[in-house]
Amino acid sequence: MLNVFFGDREDEIYNTSMYFDHVFLDKWFQDDLSRRIIKAIDKAKVIGDRTIDSKALGVIPVTQLSGGTKTLMLLRNENKCFYNASTCGDNCAKWILEIAKESSKDINITLHHIMDFGEGEFEICILNNNTIVHNMDEYVMIAGEFV
């Protein structure tokens with residue numbers, strides 16, 4: 001399940017980009033979902049363990065991926081704490097939901113804004129008051145209390 005906490009937490013990784021740069025492993029980029037995420041978010045293609053071909057930047061190291069992509073990779077591969085998903089744009093929201101759906105563990109994020117999770121149905125637990133929401137209408141009503 002996706003757990004969202006609005007606001008700061010002591011156990012939050014706030015600067016996900018810097019954290020990613022120090023903990024990522026080459027194997028994080030070898031599966032299909034990771035490659036689809038990188039293609040969708042950064043308009044780029046994995047061409048080696050640590051090498052990305054970006055339409056905007058050319059050939060770059062994985063440490064130059066966007067903050068959103070880095071946060072998504074952390075959620076998939078190093079899910080040990082809360083990650084600041086406000087480093088992600090709304091284009092990452094569907095991927096956060098997909099990662100939570102595929103994971104056998106809870107996915108924990110903090111948000112410092114109201115992220116747009118789209119028009120579909122989903123299941124998110126708002127940890128600030130332990131409420132489970134199923135769509136954007138419910139989500140916005142609860143999130144508005146804390147943002």
Side-chain angles (χ1 to χ4, degrees), residues 1-9 11-55 60-143 146-147:
M1 173 174 284
L2 176 59
N3 296 317
V4 174
F5 184 86
F6 288 100
D8 294 322
R9 290 180 59 102
D11 59 347
E12 167 188 27
I13 302 296
Y14 190 81
N15 188 338
T16 56
S17 183
M18 181 184 296
Y19 184 77
F20 170 92
D21 291 350
H22 295 282
V23 301
F24 79 88
L25 299 174
D26 294 344
K27 68 180 181 178
W28 291 7
F29 307 97
Q30 297 171 356
D31 66 276
D32 182 58
L33 182 57
S34 294
R35 290 171 185 254
R36 289 185 313 153
I37 289 170
I38 291 166
K39 184 176 182 180
I41 304 299
D42 286 350
K43 311 294 186 262
K45 180 180 178 183
V46 176
I47 58 174
D49 286 342
R50 294 179 175 226
T51 311
I52 307 294
D53 186 9
S54 165
K55 288 186 180 196
I60 59 171
V62 295
T63 55
Q64 289 188 358
L65 287 166
S66 69
T69 296
K70 289 178 177 183
T71 301
L72 294 171
M73 293 297 108
L74 289 167
L75 289 173
R76 286 200 70 224
N77 297 290
E78 173 112 344
N79 187 18
K80 297 179 181 176
C81 56
F82 282 79
Y83 292 101
N84 174 14
S86 284
T87 62
C88 299
D90 286 340
N91 61 337
C92 294
K94 80 172 198 165
W95 297 104
I96 293 171
L97 292 172
E98 186 168 337
I99 290 166
K101 193 173 185 179
E102 81 159 7
S103 180
S104 59
K105 298 179 183 178
D106 285 347
I107 299 296
N108 300 308
I109 64 173
T110 57
L111 285 171
H112 304 274
H113 75 291
I114 297 177
M115 179 173 271
D116 184 355
F117 285 100
E119 296 304 316
E121 295 289 314
F122 49 74
E123 189 170 83
I124 296 174
C125 180
I126 308 294
L127 295 176
N128 302 72
N129 63 0
N130 288 321
T131 301
I132 296 178
V133 296
H134 303 93
N135 55 52
M136 280 303 291
D137 289 339
E138 294 175 3
Y139 168 78
V140 169
M141 292 300 293
I142 301 298
F146 304 107
V147 177

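Computed from heavy atoms alone, side chains included, the values below leave out hydrogens, waters and symmetry copies. Nothing fancy with the numbering, it's 1 onward along the sequence.
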**Q** How long is the span from the CE atom in Met141 to the OG1 atom in Thr131, to the nearest 0.5 Å?
**A** 12.0 Å
**Q** Tell me whether the rings of Tyr139 and Phe122 are parallel (<30°), tilted (30 to 60°) or perpendicular (>60°).
**A** perpendicular
**Q** Calculate, to the nearest 0.5 Å, the distance between atoms OG and CD belonging to Ser17 and Gln64 respectively.
**A** 10.0 Å
**Q** Treating Asp42 as the side-chain partner and Leu65 as the backbone partner, does any N or O pair qualify as donor plus acceptor under 3.5 Å?
**A** no
**Q** Identify which one of Asn128, Asn108, Ile109 satisfies the side-chain contact (heavy atoms from CB on, under 4.5 Å) criterion when paired with Val4.
**A**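 Only one of Asn128, Asn108, Ile109 forms a side-chain contact (heavy atoms from CB on, under 4.5 Å) with Val4, namely Ile109.
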**Q** When you compare the side chains of Asp49 and Gln30, does any donor N or O come within less than 3.5 Å of an acceptor on the partner?
**A**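 There is such a pair between these side chains.
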**Q** Is there a donor-acceptor pair closer than 3.5 Å between any side-chain N or O of Ser86 and the backbone N or O of His112?
**A** yes
**Q** Do Ile52 and Val46 have side chains that approach each other closer than 4.5 Å (heavy atoms only, starting at C-beta)?
**A** yes
**Q** Please confirm whether the backbone N or O of Asp106 pairs with a side-chain atom of Asn79, one donor and one acceptor, at under 3.5 Å?
**A**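 Between the backbone of Asp106 and the side chain of Asn79 there is a qualifying donor-acceptor contact (under 3.5 Å).
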**Q** Within a reach of under 6.0 Å around CE of Met1, are more than 12 heavy atoms found that belong to other residues, nucleotides or ligands?
**A**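 Correct, the count exceeds 12.
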**Q** Given side chain to side chain donor-acceptor pair (under 3.5 Å), test Lys70 with Thr16 step by step and report yes or no.
**A** CA-CA 7 Å; Lys70 289 178 177 183; Thr16 56; over 6 Å; no
**Q** For the CD atom on Glu102, are there more than 12 heavy atoms of other groups (residues, nucleotides or ligands in this structure) within a distance under 6.0 Å?
**A** yes
**Q** Output the distance between atom CZ (Phe117) and atom CG (Leu2), rounded to the nearest 0.5 Å.
**A**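 Those atoms lie 5.5 Å apart.
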**Q** Looking at every heavy atom in both Ile99 and Ile37, which two are closest together, and how far apart are they?
**A** CD1-CD1, 4.2 Å
**Q** Are Asp90 and His113 close enough, and set up right, to give a side-chain contact (heavy atoms from CB on, under 4.5 Å), and what steps lead you there?
**A** CA-CA 11 Å; Asp90 286 340; His113 75 291; 4.1 Å; yes
**Q** For residues Tyr14 and Asn84, report the shortest heavy-atom separation together with the two atoms involved.
**A** O-ND2, 3.2 Å
**Q** Can you check whether Asn91's main-chain N or O pairs, donor with acceptor, with Lys94's side chain at less than 3.5 Å?
**A** no
**Q** Determine whether Leu74 and Val23 satisfy the following criterion, side-chain contact (heavy atoms from CB on, under 4.5 Å), listing intermediate values before the conclusion.
**A** CA-CA 9 Å; Leu74 289 167; Val23 301; 3.8 Å; yes
**Q** Of all the heavy-atom pairs spanning Phe5 and Asp8, show the shortest one and how long it is.
**A**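 Shortest heavy-atom contact: CE2-O, 3.5 Å.
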**Q** Would you find a donor on one side and an acceptor on the other, under 3.5 Å apart, between the side chain of Asn77 and the backbone of Met73?
**A** yes
**Q** For Met115 versus Met136, what's the shortest heavy-atom pair and its separation?
**A**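 Where Met115 meets Met136 most closely, the heavy atoms are O-CE, 3.8 Å.
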**Q** Rounded to the nearest 0.5 Å, what separates atom OG in Ser103 from atom CG in Leu75?
**A**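 Output value for this atom pair is 9.5 Å.
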**Q** Which pair of non-hydrogen atoms, one from Trp28 and one from Asp31, has the smallest distance, and what is that distance?
**A** O-OD1, 3.6 Å
**Q** Which atom names give the shortest non-hydrogen contact between Phe29 and Arg35, and what distance separates them?
**A**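 Result for this residue pair: O-NE, 3.2 Å.
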**Q** Does some side-chain heavy atom of Ile13 sit less than 4.5 Å from a side-chain heavy atom of Phe20?
**A** no
**Q** To the closest 0.5 Å, what do you measure between CG (Asp53) and NZ (Lys39)?
**A**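 Those atoms lie 12.0 Å apart.
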**Q** What's the separation between atom CG in Asp11 and atom SG in Cys81, rounded to the nearest 0.5 Å?
**A** 7.0 Å
**Q** Report yes if the side chains of Ile107 and Tyr83 come closer than 4.5 Å at any heavy-atom pair, otherwise no.
**A** no
